[in-house]
Amino acid sequence: METTKTQLKGFLNKCREVRNCKFIMATTKIKDLLKAIVNSADLYELFNTVAANFDYIAAKQTCFVEAEGGYGNCKLVLPDTIGDRLAFIFCLLVEFDRNDINFNAFLQTYYPKDGSYYASYQLFCDEVIGSLEVIICDIYAAELAEGENPEALPAPAMQAQLPPAAPKAQSAKIAANVNTVCMFIESEKECVESSGLNAEEKEAARTILESLTAAVRAGDAQNIKALICGYNYLVTSTEFVSDTLSALFEALGDLVGSL
């Protein structure tokens, strides 16, 4: 059975593989990195804790900084607190893994460098993956040094900034599912606004979708089911079927099944 130290070292090795791999292998290595989180009980619990109440949708609006007035470059600004930074990076990597965000387009938008994907990828790795490595090494300094350095180690400088542990019933998978569903709901709202529905129908759709977001974040499976039925009735009665509807209902089904 692998020890905590072995699992942590395995995770850090996956981080280095992401940083050192050829650009064409990036998404495969990111997938392996996410698997390393799931396969480590300690990391699984850590990311569960930081992601449990993290509002990824709101964070993206702050962290994805767009160029003003069409001048300058867009940029990614990571959250200041350690808990939010871990949660944001985790959710971002999940979006890359699921291709909810096209990785190539993301690099060219937020890490432009001489028009080269390779150079952009290195900038991304230095900031995002490098930040992830530093935080994990800081939090688990004692575990990583166990048996190698007999000197007493100072307490991790940033540990106090982590949120309290999430309830055992929650998991990193549920937290990721919540963020995925909320992203689909936001996409559905955009489809509604650009649709040919009349003002009353759009208002009804917005009300249901906003209530659905609240129920999803509260983990209220019964209310989620009721709102799904309500939205399905609206879709049937108006014959409005968006491009995201199927994915939204599928994600909702996965979430409800995990609650």
* Are the side chains of F11 and I136 in touch, meaning some heavy atoms are under 4.5 Å apart? -> yes
* **Contact check, side chains of L76 and V65, non-hydrogen atoms, under 4.5 Å** => no
* Hydrophobic cluster membership, L212 vs V241, 4.5 Å side-chain cutoff -> yes
* To do: Look at the side-chain heavy atoms of Ile, Leu, Val, Met, Phe, Trp and Tyr, link any pair under 4.5 Å apart, and say whether Y233 and L245 land in one connected group.
  => no
* To do: Would you indicate whether the side-chain heavy atoms of E210 and K189 approach each other to under 4.5 Å?
  => yes
* **Verify same cluster id: Y118, L107 (apolar side-chain graph, 4.5 Å)** => no
* Quick one: do K60 and E95 make a salt bridge, cutoff under 4.0 Å? -> yes
* Asked: Does a side-chain heavy-atom distance below 4.5 Å link F240 with V192?
  -> yes
* How long is the gap from CG on L8 to CG on N13, to the nearest 0.5 Å? -> 11.0 Å
* To do: Could you label the plane-to-plane angle of the F64 and Y110 rings as parallel, tilted or perpendicular, counting under 30° as parallel and over 60° as perpendicular?
  => tilted
* Taking all non-hydrogen atoms of both residues into account, name the closest pair between Q7 and A41 and its distance. => OE1-N, 3.7 Å
* Name the orientation class of the two ring planes belonging to F96 and F124 (parallel below 30°, tilted from 30 to 60°, perpendicular beyond 60°). => perpendicular
* Which is it for L248 and L252 under the side-chain contact (heavy atoms from CB on, under 4.5 Å) test, yes or no, and what are the steps along the way? -> CA-CA 6 Å; L248 171 59; L252 283 165; 3.9 Å; yes
* **Heavy-atom pair with the smallest gap, counting every atom of A204 and L234** => CB-CD1, 3.6 Å
* To do: State, to 0.1 Å, how close L227 and I208 come at their nearest heavy-atom pair, and which atoms those are.
  => O-CG2, 3.8 Å
* **Parallel, tilted or perpendicular, as decided by the 30° and 60° cut-offs, for the rings of Y121 and F23** => perpendicular
* Asked: Would you call F184 and E250 a side-chain contact if the rule is heavy atoms closer than 4.5 Å?
  -> no
* Check: K202 side chain, E193 main-chain N or O, donor-acceptor pair, under 3.5 Å -> yes
* To do: Write down the atom of K9, the atom of R16, and the distance for their closest heavy-atom approach.
  => O-NH2, 4.4 Å
* To do: May I have the step-by-step check of side-chain contact (heavy atoms from CB on, under 4.5 Å) for L132 and V128, ending in yes or no?
  => CA-CA 6 Å; L132 184 59; V128 178; over 6 Å; no
* Where do R217 and D55 come nearest, in terms of heavy atoms and distance? -> NH2-OD1, 3.1 Å
* Verdict with supporting geometry, M183 and E186, side-chain contact (heavy atoms from CB on, under 4.5 Å) -> CA-CA 5 Å; M183 284 185 284; E186 292 302 312; 5.7 Å; no
* Asked: How about D32 and K29: do any of their side-chain heavy atoms sit closer than 4.5 Å?
  -> yes
* Structure fact -> For C74 and P112 the tightest heavy-atom approach is O-CD, 4.3 Å
* Check: I89 and R85 side chains under 4.5 Å, non-hydrogen atoms -> yes
* Judged by atom type as modelled, is there a donor-acceptor pair below 3.5 Å linking the side chain of S40 to the main-chain atoms of I37? -> no
* **T213 side-chain N/O to C182 backbone N/O, donor-acceptor pair under 3.5 Å** => no
* Stepwise side-chain contact (heavy atoms from CB on, under 4.5 Å) check, F90 with V50 -> CA-CA 10 Å; F90 173 72; V50 298; over 6 Å; no
* Asked: Is there side-chain contact between L12 and L144, with at least one heavy-atom pair below 4.5 Å?
  -> yes
